[in-house]
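Okay, so here's the structure we're looking at.
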Amino acid sequence: MNRTARLYALVEELRAAAPRPLTVAALAARFEISTRTVQRDLQALMQTGVPVRTTPGRGGGWSIAPEMTLPPIHFTTDEASALTAALATADASTPYASAARSAAQKIAASMTGPASTAARTLAARIVTLPTRTDSEVRTAVEQALSHNLALRLSYTDAAGHESNRVVEPAGLLTAEGRWYLIAWCRTRRAGRGFRLDRITAATPTNEQAQPHNLTDLLLGSTAATAVRPAALAPLTPARPRHWGSSGGSRAEPGPDRGEGRPVPSSC
């Protein structure tokens with residue numbers, strides 16, 4: 001058994017026993033390997049984000065949180081290749097890129113057979129040109145979105161004008177290979193789009209943001225026809241449409257700075 005297959009098998013062994021912990025000696029006997037190898041493998045799983053934990057003392061051992069892991073997933077080779085291609089686009093400038101990498105590791109560990117082979121073969125044939133990004137900015141945007149917090153940011157628009165403002169994030173827009181934060185700008189009192197690679201600094205505040213409808217904020221902009229990606233349909237519950245729920249917060253194109261761009265003006 002190679003190491004990748006063994007790591008996957010270790011996870012499944014811990015899952016089957018959960019919540020009861022298993023000792024290193026028991027795992028070593030189960031897989032016919034040394035206790036040192038088991039310890040090294042378990043540490044590797046922890047470093048990749050797999051929720052394994054150790055309990056010291058009598059009756060202790062290693063266990064896993066079953067609700068935090070993936071059961072065996074049976075992908076077709078085409079599905080595995082599609083996931084590989086999609087994950088390859090999650091470069092350093094992509095929101096939640098770090099989480100995407102750890103998710104990719106978990107998905108890879110759950111795949112076996114032809115699907116796993118197809119995914120690894122395609123992964124070896126994909127390259128990307130690195131993009132300039134600020135990981136602190138990306139992390140701040142992620143936190144503001146995930147926890148519904150107002151965000152204080154510094155922004156440089158297409159004309160090189162710098163500004164500081166506080167915004168209330170509504171969502172993300174991807175267009176032509178770029179990512180934009182769509183938000184209600186308290187300074188402009190309107191919906192605005194901010195290209196992530198033009199945000200020079202960002203800090204989440206401790207203030208809860210008011211809810212804003214993403215579609216409403218895009219009204220009146222060149223991104224008004226934006227739709228949710230079809231691939232995300234299974235993750236998106238159908239909800240009734242509430243026009244004007246943001247208090248008329250329409251994205252007004254600004255004077256000579258945002259017109260013609262695929263997002264609301266960021267001036």
So, are R198 and D157 salt-bridged, with charged N and O less than 4.0 Å apart? no
Short N-O contact, E207 and R186, less than 4.0 angstrom: yes
Under 4.5 Å between any side-chain heavy atoms of [X] and [Y], yes or no?
{"X": "S163", "Y": "Y155", "answer": "yes"}
{"X": "W184", "Y": "R192", "answer": "no"}
{"X": "S63", "Y": "R53", "answer": "yes"}
{"X": "V141", "Y": "L151", "answer": "yes"}
{"X": "I64", "Y": "P51", "answer": "yes"}
{"X": "Y96", "Y": "R138", "answer": "no"}
{"X": "L83", "Y": "F75", "answer": "yes"}
{"X": "W62", "Y": "V52", "answer": "yes"}

Determine the minimum heavy-atom distance between [X] and [Y], stating which atoms define it.
{"X": "L173", "Y": "A223", "answer": "CD2-CB, 3.9 Å"}
{"X": "F194", "Y": "C185", "answer": "CZ-CB, 4.5 Å"}
{"X": "P169", "Y": "A209", "answer": "CD-CB, 4.4 Å"}
{"X": "I33", "Y": "V38", "answer": "CD1-CG2, 3.6 Å"}
{"X": "T94", "Y": "E142", "answer": "O-OE2, 4.5 Å"}
{"X": "A97", "Y": "A90", "answer": "CB-O, 4.1 Å"}

By the definition side-chain contact (heavy atoms from CB on, under 4.5 Å), identify the one residue from Q208, Q210, E168 that meets it with N148. Q208
Any chance you could measure [X], atom [atom1], to [Y], atom [atom2], to the nearest 0.5 Å?
{"X": "T37", "Y": "L27", "atom1": "OG1", "atom2": "CG", "value": "12.0 Å"}
{"X": "T117", "Y": "L122", "atom1": "OG1", "atom2": "CG", "value": "12.5 Å"}
{"X": "T84", "Y": "R125", "atom1": "OG1", "atom2": "CZ", "value": "12.5 Å"}
{"X": "T35", "Y": "Q39", "atom1": "OG1", "atom2": "CD", "value": "7.0 Å"}
{"X": "H147", "Y": "N206", "atom1": "NE2", "atom2": "CG", "value": "11.5 Å"}
{"X": "L42", "Y": "L22", "atom1": "CG", "atom2": "CG", "value": "10.0 Å"}

Passes side-chain contact (heavy atoms from CB on, under 4.5 Å), Q143 versus L149? Steps please. CA-CA 8 Å; Q143 291 175 348; L149 298 173; 5.6 Å; no
Begin with the C-alpha distance, continue with both residues' side-chain angles, and end with the deciding distance and a verdict on side chain to side chain donor-acceptor pair (under 3.5 Å) for R120 and S116. CA-CA 6 Å; R120 296 178 190 281; S116 178; 3.2 Å; yes
Donor-acceptor contact below 3.5 Å, side chain T205 vs main chain A150: yes
Answer yes or no: is there a donor N or O on one side and an acceptor on the other, between the side chain of T48 and the main chain of L45, under 3.5 Å? yes
Does [X] belong to the same Ile/Leu/Val/Met/Phe/Trp/Tyr cluster as [Y], with side-chain heavy atoms less than 4.5 Å apart forming each link?
{"X": "V137", "Y": "V166", "value": "no"}
{"X": "L145", "Y": "I199", "value": "yes"}
{"X": "Y180", "Y": "L214", "value": "yes"}
{"X": "L7", "Y": "M46", "value": "yes"}
{"X": "V11", "Y": "V24", "value": "yes"}

So, R36 and S34: side-chain donor and acceptor under 3.5 Å apart, yes or no? no
Run the side-chain contact (heavy atoms from CB on, under 4.5 Å) test on H161 and T156 for me, step by step, so that the C-alpha distance in whole Å, both residues' side-chain angles and the decisive distance to 0.1 Å come before the verdict. CA-CA 5 Å; H161 299 101; T156 302; over 6 Å; no
Are more than 12 heavy atoms from other residues, nucleotides or ligands located less than 6.0 Å from atom CD of E136? no
Using the side-chain contact (heavy atoms from CB on, under 4.5 Å) rule, take R152 and R165 through it: C-alpha gap first, then chi angles, then the decisive distance, then the call. CA-CA 6 Å; R152 181 174 290 106; R165 62 191 77 197; over 6 Å; no
